[in-house]
Amino acid sequence: MKQTIGVLAVQGAFEEHIKALKKLDTDCIEIRKPSDLTNHSLDGLVLPGGESTVIGKLLRELELFEPIKKMIIEGLPVLGTCAGLILLASKITEDETIHFGTMNMVARRNAYGRQLGSFVTEAEFDACGKTPMVFIRAPYIESVGVDVEILARVDNHIVAARQNNMVVTSFHPELTADLTVHQYFLRLVQQKAKTCVA
Ligand code: GLN
């Protein structure tokens, strides 16, 4: 059966995620209002890159914040990229803001400064081999809790990690033709679905 993945579509790079997920034969639902969450049986959710402050504000205004937080806590597989990573972080460096705060990690926003605002590189992603990584005013993860698995590092900084049902990347996997990260996420979605059935 096809997997149904919700993609938060209030701001940022959501269309590119949909294109990548469709290449992997999934059904995608754009999430813009609470009924988009309830009218479909979602197997997973993507929180795209964009501007975390803006996305956080829109989530609250559109009354998506609480239902999404509840779904994540209840175990819905979620992929947070760039701003999506910031939304999931339990702590943001030098910032009192916490959005969902469900993932045990400290994220630093705009961690690469202005000089190196955007760049492309390649690094190992989990056991999946070298993966192209596009960084745009990206955060990185300064530290993680014991329950968090590190999936990728660039220049000694953590740029991808997983905690149970949550996968995050500080780069934009949807902006290259490489589907490694989306494939990794869909394998997690499949595993979680099996666990629920069992
Ligand atoms: N700099 C953005 C933020 O702080 C994230 C950038 C991105 O998602 N490409 O939210």
Could you check whether E66 pairs with K70 (Lys NZ or Arg NE/NH1/NH2 to Asp/Glu carboxylate O, under 4.0 Å)? no

Got a salt bridge between R109 and E51, using NZ or NE/NH1/NH2 to carboxylate O under 4.0 Å? yes

On a heavy-atom basis, which atom in [X] and which in [Y] lie closest, and how many Å separate them?
{"X": "S52", "Y": "A83", "result": "N-CB, 3.7 Å"}
{"X": "L188", "Y": "N164", "result": "CD1-O, 3.8 Å"}
{"X": "A138", "Y": "S170", "result": "CB-O, 3.4 Å"}
{"X": "V189", "Y": "D43", "result": "CG1-O, 3.4 Å"}
{"X": "P48", "Y": "L8", "result": "CG-O, 3.4 Å"}
{"X": "F185", "Y": "L45", "result": "CZ-O, 3.7 Å"}

Once you measure the plane-to-plane angle for F125 and Y184, does it fall in the parallel (<30°), tilted (30-60°) or perpendicular (>60°) bin? perpendicular

One pair to check against side-chain contact (heavy atoms from CB on, under 4.5 Å): L151 and E124. What are the steps and the verdict? CA-CA 8 Å; L151 300 176; E124 286 287 331; over 6 Å; no

Donor-acceptor pair, side chain of E30 and main chain of G6, under 3.5 angstrom: no

Determine whether a donor-acceptor pair (N or O, by modelled atom type, separation under 3.5 Å) exists between the side chain of T176 and the backbone of E174. no

I want to check something: taking the side chain as every heavy atom from C-beta on, are [X] and [Y] in contact at a cut-off of under 4.5 Å?
{"X": "M133", "Y": "V154", "answer": "yes"}
{"X": "L47", "Y": "T81", "answer": "no"}
{"X": "T4", "Y": "T26", "answer": "no"}
{"X": "H182", "Y": "H17", "answer": "yes"}
{"X": "I68", "Y": "L59", "answer": "yes"}
{"X": "L186", "Y": "I5", "answer": "yes"}
{"X": "Q3", "Y": "Q190", "answer": "yes"}
{"X": "I86", "Y": "I55", "answer": "no"}

Given side-chain contact (heavy atoms from CB on, under 4.5 Å), test V181 with L79 step by step and report yes or no. CA-CA 9 Å; V181 173; L79 170 65; 4.1 Å; yes

Distance to the ring centre below 6.0 angstrom and angle to the axis at most 45 degrees; does that hold for R108 and Y140? no

So how far is it from L62 CG to K57 NZ, rounded to the nearest 0.5 Å? 10.0 Å

Nearest-0.5 Å distance, CZ of residue F100 to CE of residue M166: 11.5 Å

Taking only residues two or more places apart in sequence, or in another chain, which ones meet H40 in a ring pair (Phe, Tyr, Trp, His ring centres under 6.0 Å)? none

Taking a hydrophobic cluster as the set of Ile, Leu, Val, Met, Phe, Trp and Tyr residues connected by side-chain heavy atoms closer than 4.5 Å, whether directly or through intermediates, do L87 and V168 fall within one such cluster? yes

Connected via hydrophobic side-chain network under 4.5 Å: V167 and L175: no

